[in-house]
2 protein chains.
Amino acid sequence: MISSEELAETFPIICQGWAASFILLPNGSRQILSLLLPGDILSVGLLFGTRPNFQVEAITTVHYCTFDRNKFKQALRNAPDVFDRFGRICVEERAAADQLIVDLGRRTALERIARLILSLESRLEQRGMVQAQTKEMDFPLRQHHIADATGLTPVHVSKMLAEFRRRGMIELNERSLTVRDPEGLRRSANLR
Amino acid sequence: MISSEELAETFPIICQGWAASFILLPNGSRQILSLLLPGDILSVGLLFGTRPNFQVEAITTVHYCTFDRNKFKQALRNAPDVFDRFGRICVEERAAADQLIVDLGRRTALERIARLILSLESRLEQRGMVQAQTKEMDFPLRQHHIADATGLTPVHVSKMLAEFRRRGMIELNERSLTVRDPEGLRRSANLR
DNA sequence: CGGCCCTTTGACGGACGTCAAATAGCGTGG
DNA sequence: CCACGCTATTTGACGTCCGTCAAAGGGCCG
């Protein structure tokens, strides 16, 4: 786990493994802001030297590389296309945060979990991390990670996952997930 | 109300009045992403030409001005201090979104509403929009706005506001709010 | 074997949602 | 001026989703 102090000076990108950025509350409960996969920037905010408002936990062992903040900023200013691409990354990051806000504010437990699974599936697929035939993928999250990402309790997450399994929508064992009924899962995820 | 299509071509800043950016769900429920006060940029994402994922509603009558996107981008690249200041605005915007995520994921109705009021109070104070002696401020939100911002129902918001009033923490009438017991309100807002 | 963590399951409770009725304010139009 | 329709708010009764608590089992590692 990386403290917010250590983060303040670097600008890291995940190369391998899964991580999560989260905020801890005084009462001990936790809210995951985003799950970080290979290729993800830890946070674009780190470019501007403000001490970040979150912490990061490695879920698997993680490899990452860091850039020099000032050199990166110069590259942004000099190359308009880099600037634009970086801008679009910022926007996507923000759009994901907005979706999480809607999920937490207005969706049920089943919907939140279905959407989490679907969004992870699509992000992993973009990275070629889903087996082409079996549709199986690595899934290192513990149920408490799912709980902290969806604003639920681990106990309730367990019950909802059991429900998805009972309906034959997912298969989930020893750190591996396969979506058996994508259409059904999408239906569970959408309107309430 | 401004549709997402109309927004796509401009880069607007609120000059006067209150507005809200929000996402509408197919079932008709709504989640407010942020309340926009004078001086706020509608969304930094609009700089990069992606069609925004939200809509905007004027809560009062709103005056705003818009900038040319490309000229603004050039100014960012040419003036490092402008670039940095803009970056810091992005970061603050994101930090506010993160706080909302934590609120919706991990806090009770009373806490969410207390935090909404406190954050509005501090933002209005920064803008000199709180009367110095009486601590009174304009408060044009309807209860359904508060509900959509906190992920609650208008009925429950009404009950929670009644509770705050009963405890003598706030005074809220005809579009005007005064915080009577800031310390108590802060206690309600913090740990659960 | 014996802890420890994770997961599962059930019983129960509480926070918040839903539904409904009553009231007030406010603008419109007769 | 009054009737009316609309919207916002308040309040209470009741329902439900999810949290809490507890017990039990499994896997892993010392």
Side-chain angles (χ1 to χ4, degrees), chain A residues 1 18 20 25 27-31 57-60 103-117 139-167 170-177 188-189 191-192, chain B residues 1 18 20 25 27-32 57-61 103-117 139-167 170-177 188-189 191-192:
Chain A
M1 184 149 71
W18 293 42
L25 270 67
N27 65 27
S29 70
R30 202 170 86 132
Q31 177 64 49
E57 175 193 339
I59 294 173
T60 65
D103 288 351
L104 296 178
R106 294 301 189 196
R107 293 195 212 268
T108 65
L110 271 180
E111 290 172 317
R112 294 183 208 179
I113 295 174
R115 297 176 75 84
L116 178 69
I117 292 174
F139 197 80
L141 299 185
R142 312 268 78 188
Q143 291 187 1
H144 75 261
H145 291 120
I146 302 180
D148 290 339
T150 54
L152 302 167
T153 57
V155 178
H156 201 62
V157 168
S158 171
K159 289 171 183 169
M160 298 298 101
L161 289 177
E163 177 64 20
F164 282 130
R165 272 193 281 244
R166 205 185 53 70
R167 298 191 196 166
I170 64 170
E171 208 162 292
L172 178 56
N173 30 35
E174 292 321 298
R175 328 268 156 125
S176 130
L177 169 72
S188 299
L191 30 151
R192 62 170 309 162
Chain B
M1 186 148 75
W18 293 42
L25 272 68
N27 66 24
S29 70
R30 203 171 86 132
Q31 177 64 49
I32 289 182
E57 175 194 339
I59 294 173
T60 65
T61 58
D103 288 352
L104 297 179
R106 294 300 189 197
R107 293 195 212 268
T108 66
L110 271 181
E111 290 172 317
R112 295 183 206 179
I113 295 174
R115 297 176 74 84
L116 178 69
I117 291 174
F139 197 81
L141 299 185
R142 313 268 78 189
Q143 291 186 1
H144 75 262
H145 292 119
I146 302 180
D148 290 339
T150 54
L152 302 167
T153 57
V155 179
H156 201 61
V157 167
S158 171
K159 288 171 183 168
M160 298 298 101
L161 288 177
E163 178 64 19
F164 282 129
R165 271 192 281 245
R166 204 185 52 70
R167 299 191 197 166
I170 64 170
E171 207 163 293
L172 178 56
N173 30 36
E174 291 322 300
R175 327 271 155 124
S176 130
L177 168 72
S188 299
L191 30 151
R192 61 171 309 160

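Chain identifiers are assigned alphabetically (A, B, ...) following the order of the sequence lines, protein sequences preceding nucleic acid strands; residue numbering begins at 1 within each chain.
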**Student:** In this structure, how many angstroms lie between the P atom of C/dG14 and the CD atom of B/E111, rounded?
**Tutor:** 18 Å
**Student:** Starting at the 5' end of DNA chain D and moving along, which residue's nearest nucleotide shows up first, B/R175 or A/R112?
**Tutor:** B/R175
**Student:** Measuring from the side chain of A/V155 (C-beta onward, heavy atoms only), which nucleotide among C/dC6, C/dT9, C/dC19 has the closest atom?
**Tutor:** C/dT9
**Student:** What integer distance in Å separates A/H156:NE2 from C/dC16:C1'?
**Tutor:**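 Going from A/H156 (NE2) to C/dC16 (C1'), I get 14 Å.
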**Student:** Please report, rounded to the nearest Å, how far the C1' atom of D/dA8 is from the CD1 atom of B/I59.
**Tutor:** 15 Å
**Student:** Expressed in angstrom and rounded to an integer, what is the separation of A/L177 atom CG from C/dT7 atom C1'?
**Tutor:**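 Atom-to-atom, A/L177 to C/dT7, this comes out as 16 Å.
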**Student:** Does B/S158 put a side-chain nitrogen or oxygen below 4.0 Å from OP1 or OP2 of D/dT10?
**Tutor:** yes
**Student:** Measure from the side-chain heavy atoms of A/R142 and tell me the nearest of D/dC18, C/dG17, C/dT7.
**Tutor:**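 Ranking D/dC18, C/dG17, C/dT7 by closest atom to the A/R142 side chain puts C/dT7 first.
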**Student:** Determine whether A/Q31 and A/L104 make a side-chain contact, defined as any pair of heavy atoms from C-beta on separated by less than 4.5 Å.
**Tutor:** yes
**Student:** What is the separation between atom CE on A/M160 and atom C1' on C/dT8, rounded to the nearest whole Å?
**Tutor:** 13 Å
**Student:** Do A/R167 and A/E163 meet the salt-bridge criterion of a basic N to acidic O distance under 4.0 Å?
**Tutor:**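 So A/E163 pairs with A/R167 through a salt bridge.
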**Student:** Want to settle it: does B/R165 or B/K159 sit nearer the 5' end of DNA chain D, counting the closest nucleotide to each?
**Tutor:**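 Residue closer to the 5' terminus by nearest nucleotide: B/R165.
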**Student:** Would you indicate whether the side-chain heavy atoms of B/S188 and B/L110 approach each other to under 4.5 Å?
**Tutor:** no
**Student:** Kindly indicate whether the side chain of B/M160, heavy atoms from C-beta on, has any atom under 4.5 Å from the side chain of B/E111.
**Tutor:** no
**Student:** Between atom CZ in A/F164 and atom P in C/dT7, what is the gap in whole Å?
**Tutor:** 17 Å
**Student:** Within less than 4.0 Å of OP1 or OP2 of D/dT10, is there a side-chain N or O belonging to B/Q143?
**Tutor:**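 For B/Q143, the contact criterion (side-chain N or O under 4.0 Å from OP1 or OP2 of D/dT10) is met.
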**Student:** Using whole Å, report how far CD of B/E163 lies from P of D/dT11.
**Tutor:** 12 Å
**Student:** Is A/L161 touching bases, backbone alone, or none of the nucleic acid, heavy atoms closer than 4.0 Å?
**Tutor:** nothing
**Student:** Would you mind reading off the distance between B/H144 atom NE2 and D/dT7 atom P, rounded to a whole angstrom?
**Tutor:** 11 Å
**Student:** Look at the side chain of A/S29 and the backbone N and O of A/L25, then say whether any donor-acceptor pair between them is shorter than 3.5 Å.
**Tutor:**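 Checking the backbone N and O of A/L25 against the side chain of A/S29, no donor-acceptor pair under 3.5 Å is found.
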